[in-house]
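Note that the structure is predicted; figures quoted are calculated from it, not measured. In what follows, every heavy atom counts, from backbone to side chain, and hydrogens, waters and symmetry copies are set aside.
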Protein chains: 2
Amino acid sequence: MSNKIVQKRLVTLQDVAREAGVSKATAARVLGSYGTASPEMKEKVLNAARVLGYQPNELARSMTTGRSRTIGVIVGDIENPYFGQAVRGISEVASAAGFDVILANSGEEVGREQAAVQVLLGKRVDGLIITPASMSDIQHLEAVQRSGRALVLLDRAIPKLKVDSVITDDKAAAALATRMLIEAGHRRIAYITATASDDPIYRGPQQISLTTVMDRINGFLAASAAVGIKHPEQYIRLGASRQGASGRIIADLLSMPHRPTAILASDNVVGLEVFKVIRNLGMSIPADLSLIAFHDADWTSVTSPPITVISQPVYNLGVESAQILIKRITGAVGAPKRLVLATELIERQSVGAPPAPQDDEKKVKSRPVAKAVAG
Amino acid sequence: MSNKIVQKRLVTLQDVAREAGVSKATAARVLGSYGTASPEMKEKVLNAARVLGYQPNELARSMTTGRSRTIGVIVGDIENPYFGQAVRGISEVASAAGFDVILANSGEEVGREQAAVQVLLGKRVDGLIITPASMSDIQHLEAVQRSGRALVLLDRAIPKLKVDSVITDDKAAAALATRMLIEAGHRRIAYITATASDDPIYRGPQQISLTTVMDRINGFLAASAAVGIKHPEQYIRLGASRQGASGRIIADLLSMPHRPTAILASDNVVGLEVFKVIRNLGMSIPADLSLIAFHDADWTSVTSPPITVISQPVYNLGVESAQILIKRITGAVGAPKRLVLATELIERQSVGAPPAPQDDEKKVKSRPVAKAVAG
DNA sequence: TTGACAAATGAGACCGGTCTCAAATAGCAT
DNA sequence: ATGCTATTTGAGACCGGTCTCATTTGTCAA
């Protein structure tokens, strides 16, 4: 990591002033569009600037004004189209309001998130929009607040932190999806999430570090309990992140003696993974297994069958959070807002009745699995 | 767009120096890790910094050093996973080398690209990685070079501009895909691209503003000509951008008297659009129509049938461009490099023989297609 | 004609760092 | 003890803007 950086000397305000034969202050007034200046002065200065190819140094500008007209955005994974859409929403609002956006990636790791916060605060962003990687490790977020910079949480809330947040109604959404599966006749429903965990088995809330995940699990459990399903939590699986463990987790789940007959996939990446595993196992959707996934990713509408999804207003999540942030930056005061956007269940064709008539719970004599696996 | 921005005064180097009872210069040496300082001084300063919660102002730092350790990236569309992957490649190389990334979106419009360049140069980025929206409108890129800042083009070259670029072998890739379709028996092959155009019909190279598009069309035409296909260009269609026109364009194409029997889709967004239209038309792939798409997007592997694609090393495109850029920033000199990465044809199941025995060109009596299609 | 006031302009401080340079101190050989 | 060099420290200029304040010029009413 060499440090030698070569950079040509650029045209400064002073240069322009000299060329135009006016003082630095006058040139600054014209070029910075503030204060007063006579038409002739403007003419001269603008001309000189054009001739020299002057370009203001925003760094210097920000340094004196104390504001950078820049907002920092930290997301879990830029590559995930989910965040891509949110970022587009943010960008559009920001640039319409004359703000620039600096984007950073946390890879869903608190450490990298902290580093990113440092960097962005160092660059003196006027505010931050963050998709926090954890709801417990939050000193760096408190530091943001202490520094007086605006902060908005996107997609995930942090109960302990009094801060504006824009989220979706995860609990309601999960409950709705669960009810839909229950109404189709399912009693053994699996819930699979990517949330990092050493242990794929769900043992309790203390394993979960994200409100989204917790809320969804709660919605799932509540809807299950409402119809008297016993131990719905036994089919919850964690850590189905990226290619790695997910295949095994899902395969294990499906080879249980009382295997689940439906799966709720907690995000589109997991959903895609689940879909592939199911297909590789030679099972068919929804005949053998029903599937509902979070996030209306583009792939979900072109599979056979297309997948029933919980569509999240993620573009609007971006828009709203940027609007709130910019209001704060420009002086809005008041208690932190928590904006909850509604989700929508888009019915497609991945939900059907559970496969065989099969005794549930108690005195079940499990019969041999009939399915042929094609390979 | 209000301008009032409230910001608490932050802890400065001067404050730390005062607290530690040393000079500003000494505090700066300790906190900036340069020059020399005795252990006791370090101790005192570090302690004071911790107590006050000091955080260096990178703006001020950049201003004096003249370098910001930041690189600007301008892509056509953040939301497109294609660019998402490239950006990840860039980010990883950049942060490993201690550089930050500022991301901007051009929406594939030259005007917005120019504005973004202004903004980023204003923020004094040390270098830029750009996916240029046009190969002809390039004054702003020449301005970047004149300013002495490093510049690397990603994915698309600009022949007139002497500048480092990292691209893929588009012509070869298109030719390979075309040959594959030809070998499967196709003679009427459509090429559909998203490139903006008022007129969806291809009339000549002057309509095309991107090397990628041009190269691919050339590869397509060359491979077609090589086996004596007459007027292959009649099936080229432009402007199939986003939801808008694409549906009509594709439907028109397929309702021609001698409709094409295969389609080459120029990127994954167009490919997805094509897939949906085909399905809505009730046609089946590959029985009625074969399809090959550029970019191995995730949806292509889960459709029925999965789509044969030209896989582009887009993550590596990002990695390589960032490496070249950083080398330039840190002083590397020499003629501009043009790095061409290889693509790969991933065969899946969307290519088959053309459908019905149907007279082709002149008096060819095409023989019945032997392949059985399982559906 | 003169005074009062508004508009235009310039001089220079300032933002928060880096970095040069000179002064102060320490270490060591003679 | 003395001189010489190496190390540590502080003072202050500088980066390129913004912005305050004083000065100059112009306008108009009394």
Side-chain angles (χ1 to χ4, degrees), chain A residues 3-5 7-45 48-49 52-70 119 121-124 126 147, chain B residues 3-5 7-45 48-49 52-70 121-126 147:
Chain A
N3 269 311
K4 190 181 35 147
I5 297 193
Q7 200 103 300
K8 206 175 289 183
R9 200 181 156 285
L10 299 163
V11 180
T12 73
L13 192 59
Q14 189 62 268
D15 300 330
V16 175
R18 197 177 306 118
E19 170 82 12
V22 304
S23 74
K24 194 178 129 195
T26 300
R29 274 189 283 261
V30 175
L31 264 6
S33 328
Y34 62 90
T36 57
S38 65
E40 311 91 77
M41 286 291 157
K42 278 187 184 150
E43 166 77 30
K44 276 199 285 187
V45 171
L52 298 180
Y54 170 73
Q55 210 156 41
N57 183 335
E58 295 296 338
L59 258 41
R61 200 168 258 179
S62 300
M63 214 177 61
T64 50
T65 58
R67 57 203 161 76
S68 58
R69 287 221 153 254
T70 301
V119 167
L121 287 185
K123 286 198 186 305
R124 293 297 187 264
D126 293 333
S147 81
Chain B
N3 269 312
K4 190 181 31 146
I5 297 192
Q7 202 103 302
K8 205 175 289 183
R9 200 179 156 287
L10 299 163
V11 180
T12 73
L13 191 60
Q14 189 62 266
D15 301 329
V16 176
R18 198 177 305 120
E19 170 84 12
V22 303
S23 74
K24 194 178 130 194
T26 300
R29 275 188 283 261
V30 175
L31 265 5
S33 329
Y34 60 91
T36 59
S38 64
E40 310 90 77
M41 286 290 158
K42 278 187 183 150
E43 166 76 30
K44 276 198 286 186
V45 172
L52 298 180
Y54 170 74
Q55 208 155 43
N57 183 335
E58 295 297 337
L59 259 40
R61 200 167 256 180
S62 300
M63 214 177 61
T64 49
T65 58
R67 56 205 162 75
S68 57
R69 287 223 152 252
T70 301
L121 287 186
K123 286 198 187 304
R124 295 297 187 263
V125 294
D126 293 334
S147 81

State, to 0.1 Å, how close [X] and [Y] come at their nearest heavy-atom pair, and which atoms those are.
X	Y	result
B:Asp126	B:Gly66	OD1-O, 4.5 Å
A:Ala20	A:Ala48	CB-CB, 3.8 Å
A:Val16	A:Val11	CG2-CG1, 4.1 Å
A:Gly32	A:Arg61	CA-NH2, 4.1 Å

key: B:Arg67 vs B:Arg69, side-chain contact (heavy atoms from CB on, under 4.5 Å): CA-CA, chis, key distance, verdict   = CA-CA 6 Å; B:Arg67 56 205 162 75; B:Arg69 287 223 152 252; 4.0 Å; yes
inquiry  = Using side-chain contact (heavy atoms from CB on, under 4.5 Å), reason through A:Tyr54 and A:Leu31 one step at a time and then give a plain yes or no.
reply    = CA-CA 10 Å; A:Tyr54 170 73; A:Leu31 264 6; 3.8 Å; yes
task = On DNA chain D, check which nucleotide each of B:Glu40 and B:Ala60 is closest to and give me the residue with the more 5' one.
result =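 Mapping each residue to its closest nucleotide by heavy atoms, the 5'-most match is B:Glu40.
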Any donor-acceptor pair under 3.5 Å from B:Ser68 side chain to B:Ser62 backbone = no
ask   = Where the side chain of A:Thr26 meets the backbone of A:Val22, is there a donor-acceptor pair that is under 3.5 Å apart?
value = no
key: End axis versus end axis in the helix from C:dT1-D:dA30 to C:dT30-D:dA1, the angle rounded to 10°, five pairs used at each terminus   = 50°
message = By the 4.0 Å heavy-atom rule, please label A:Ser38 as base, sugar-phosphate, or nothing.
response = sugar-phosphate
request  = Indicate, with a heavy-atom threshold strictly under 4.0 Å, whether B:Thr12 touches base, sugar-phosphate, or nothing.
outcome  =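 Counting heavy atoms under 4.0 Å across all strands, the contact made by B:Thr12 is with sugar-phosphate only.
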inquiry  = If you apply the rule side-chain contact (heavy atoms from CB on, under 4.5 Å), what do you find for B:Arg124 with A:Leu10, and how did you get there?
reply    = CA-CA 10 Å; B:Arg124 295 297 187 263; A:Leu10 299 163; 3.4 Å; yes
Whichever of B:Arg29 and B:Met63 has its nearest DNA chain C nucleotide further upstream toward 5' =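 Final value for this comparison: B:Met63.
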key: Side-chain donor-acceptor contact under 3.5 Å, A:Thr70 with B:Lys123   = yes
Along DNA chain D, first and last positions that approach a heavy atom of chain B under 4.0 Å =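 The protein-touched segment is D:dT8 to D:dG16.
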message = Among residues 17-26 of chain B, which ones have heavy-atom contacts with DNA chain C below 4.0 Å?
response =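 Of all residues in residues 17-26 of chain B, the ones placing a heavy atom under 4.0 Å from DNA chain C are B:Lys24, B:Ala25.
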